[in-house]
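Just so we're on the same page: letters track the sequence lines, and every chain starts at 1. Every heavy atom of this structure was used, including side-chain atoms; hydrogens, water molecules and symmetry mates were not.
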Protein chains: 2
Amino acid sequence: MIKGKDGTIIPRVVIERLPRYYRYFDWLENKMEKISSKKLGDLIGSSASQVRLDLSHFGDFGQQGYGYNIKKLKHELVKILHINIERKLIIVGTGNIGRALTRYNIFKDTSFTLKALFDINPALIGEKIKGVTIYDVKELGAFVKENRIDIAIIAVPKEAANDISGVLIQNGIKGILNFAPLDLNVQEGFPVENIHIIDKILALSFMIS
Amino acid sequence: MIKGKDGTIIPRVVIERLPRYYRYFDWLENKMEKISSKKLGDLIGSSASQVRLDLSHFGDFGQQGYGYNIKKLKHELVKILHINIERKLIIVGTGNIGRALTRYNIFKDTSFTLKALFDINPALIGEKIKGVTIYDVKELGAFVKENRIDIAIIAVPKEAANDISGVLIQNGIKGILNFAPLDLNVQEGFPVENIHIIDKILALSFMIS
DNA sequence: TAGATTGTTAATCGATTAACAATC
DNA sequence: TAGATTGTTAATCGATTAACAATC
């Protein structure tokens, strides 16, 4: 996974922080023109050094004695995150989580477009949620391949999750966001992000004694 | 945050891994009697050393030449995570995410009980979802205090999230699971876990080039 | 007993912070 | 120009892995 400005490898921790930078720059955009790594660090809860080192993986975006131009840096982050081009998504599983994500409009004003939903329940096939059609999960592989879907969100029961991820990967999906409470069996290095809600609640339960 | 078997501090990374151990032990429970740190590490995707060091923070649960007894270790994890006692939860915000979490039955067969929902929309007050009543958010503080709620899930728009967390903390909430796409303004060290769905999708977008 | 495997300490690796020359 | 602040290298800190005596 070689990605940096001079072909260096970007540490995972830095990748996980990128969306956070983006979030803050998006918010800052109409607030001020420039910001220093110190002020940004204070805002974001990290050190000035970390801000500078993180950003330096991708280019020289700042200017001595000035700081970072917010519009410019936001623009750079858009390119780094590849959200200057359309990203095609699907959601597999139209249970509570799948439906919530569809209705929630999480992709409003983004470059992500939700192309289809999939479910195993025949009664649901053909239904539309927010204008997005539910297809039979049997058509999943063909759909992903034909429409060159980039990212799939897995929101099926854990028993089905690995079968689904197999079909997705076989048909060229590029990344998976997994809501099923297990670790998917994918090849080392394949882009998967997990959202394990119950794990977060358990961690809280531990912490609050 | 002093927690270890001899009063040592548990590193954050270890805390984040605990639910994962629990998940695997729960699954292993009826599969075999014992497991070695090596086999568990293989299963879970980490090293035998890490498994042993992680667990050793909490006690001496293994036995030389034998490994770890699964039933025993699961029982220990239940105690460590404090899920041997009832944990009272509420959800603030009954939009798509709040409703999904309520309906999803994520707390089925756990020690977590969902005591109430809250919303600002007068039209929703009094409605029940899966038997749980929606209350006016004005009553949030009093309810949390009176019922000694442990954990609150924030699923409101980001503009409202900090006000809500303020009310919660003032009334003695012990931990917060935050779904709003921003960092809550809480005192350093206060237990907050964040689920930033869009951040995960952005990280994927970065990785898949 | 001999083999297996623990808990722990030491060595290594990686990430964060501090320092500073370069320069706007 | 002088002050501010960058990008980068070195120092520090913390987490992971390796090694091993203890022992079931």
Quiz item: If every non-hydrogen atom of A:Leu168 is compared with every non-hydrogen atom of A:Ile90, which pair is closest and at what distance?
Solution: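 So the minimum-distance heavy-atom pair works out to CD2-CD1, 4.0 Å.
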Quiz item: OP1, OP2 of C:dG7 versus side-chain N and O of B:Arg52: anything below 4.0 Å?
Solution: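 Result: no.
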Practice problem: Using whole Å, report how far CG of A:Asp60 lies from P of D:dT5. | Solution: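 Taking atom P of D:dT5 as the reference, CG of A:Asp60 is at 18 Å.
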Quiz item: Could you state the CG-P distance from B:Asp54 to C:dG7, rounded to the nearest angstrom?
Solution: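 Result: 12 Å.
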Distance-only donor-acceptor pairs under 3.5 Å for side chains of residues 59-68 of chain B, two or more places apart:
residue	atom	partner	partner atom	Å
B:Asp60	OD1	B:Lys5	NZ	2.9
B:Tyr66	OH	B:Glu33	OE2	2.5
B:Tyr66	OH	B:Asn69	ND2	3.2

Practice problem: Using the test salt bridge (Lys or Arg N to Asp or Glu O under 4.0 Å), find all partners of A:Arg52 that sit at least two apart in sequence or belong to another chain. | Solution: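 If we apply the salt bridge (Lys or Arg N to Asp or Glu O under 4.0 Å) test to A:Arg52, skipping adjacent residues, there are no hits.
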Quiz item: Residues two or more places apart in sequence or in another chain: which of them pass salt bridge (Lys or Arg N to Asp or Glu O under 4.0 Å) with B:Lys39?
Solution: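 B:Lys39: no salt bridge (Lys or Arg N to Asp or Glu O under 4.0 Å) contacts found.
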Quiz item: What residues, two or more places apart in sequence or in another chain, satisfy ring pair (Phe, Tyr, Trp, His ring centres under 6.0 Å) together with B:Phe118?
Solution: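 B:Phe118 satisfies ring pair (Phe, Tyr, Trp, His ring centres under 6.0 Å) with B:Tyr135, B:Phe143 only.
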Practice problem: Just jot down the side-chain hydrogen bond (donor to acceptor under 3.5 Å, both in side chains) partners of B:Ser165, sequence neighbours excluded, or say none. | Solution: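 For B:Ser165, no residue satisfies side-chain hydrogen bond (donor to acceptor under 3.5 Å, both in side chains) once neighbours in sequence are set aside.
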Quiz prompt | Set of residues satisfying side-chain hydrogen bond (donor to acceptor under 3.5 Å, both in side chains) with respect to A:Lys174, sequence neighbours excluded | solution =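 Counting only residues at least two positions away or on another chain, A:Lys174 forms a side-chain hydrogen bond (donor to acceptor under 3.5 Å, both in side chains) with A:Asp150.
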Quiz item: Which residue pairs pass the salt bridge (charged side-chain N to carboxylate O under 4.0 Å, His left out) test when at least one of the two sits in residues 154-163 of chain A, sequence neighbours left out?
Solution: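 Of all non-adjacent pairs touching residues 154-163 of chain A, none passes salt bridge (charged side-chain N to carboxylate O under 4.0 Å, His left out).
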Practice problem: For DNA chain D, find the residues of residues 63-77 of chain B with a heavy-atom distance under 4.0 Å and give them by number; none if there aren't any. | Solution: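 Within residues 63-77 of chain B, the residues near DNA chain D are B:Gln63, B:Gln64, B:Gly65.
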Self-check item: Positions of residues 30-43 of chain B (non-hydrogen atom under 4.0 Å from DNA chain D), listed by number
Solution: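 Within this stretch, nothing sits under 4.0 Å of the strand.
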Please tabulate, for side-chain N and O atoms in residues 180-191 of chain A, each donor-acceptor pair with protein atoms closer than 3.5 Å (sequence neighbours left out).
residue	atom	partner	partner atom	Å
A:Asp183	OD2	B:Arg20	NH2	3.3
A:Asp183	OD2	B:Tyr24	OH	2.6

Quiz item: Could you run down nucleotides 9-15 of chain D 5' to 3' and tag each one B, S or - for protein heavy-atom contact under 4.0 Å?
Solution: B-----S
Quiz item: Base, sugar-phosphate, or nothing: which does B:Ser47 touch, judged by heavy atoms less than 4.0 Å apart?
Solution: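 Counting heavy atoms under 4.0 Å across all strands, the contact made by B:Ser47 is with sugar-phosphate only.
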Practice problem: Mark yes or no for whether A:His57, through its side chain, and A:Leu53, through its backbone, hold a donor-acceptor pair below 3.5 Å. | Solution: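 Here the side-chain-to-backbone pair exists.
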Quiz item: After noting the C-alpha distance and the side-chain angles of B:Glu139 and B:Glu146, does the key distance pass the side-chain contact (heavy atoms from CB on, under 4.5 Å) rule?
Solution: CA-CA 11 Å; B:Glu139 299 168 36; B:Glu146 252 168 58; over 6 Å; no
Practice problem: Examine the side chains of A:Ser111 and A:Arg87 and answer whether a donor and an acceptor come within less than 3.5 Å of each other. | Solution: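 Side chains of A:Ser111 and A:Arg87: no pair found under 3.5 Å.
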Exercise. Note every stem involving DNA chain C: at least three consecutive Watson-Crick or G-U wobble pairs, i with j then i+1 with j-1, with both distances under 3.5 Å.
Key: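 Consecutive-pair runs (3 or more) involving DNA chain C: C:3-24 with D:3-24.
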Exercise. Could you check whether the rings of B:Phe107 and B:Phe112 sit parallel, tilted or perpendicular, using 30° and 60° as the cut-offs?
Key: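 Aromatic pair B:Phe107/B:Phe112 classed tilted.
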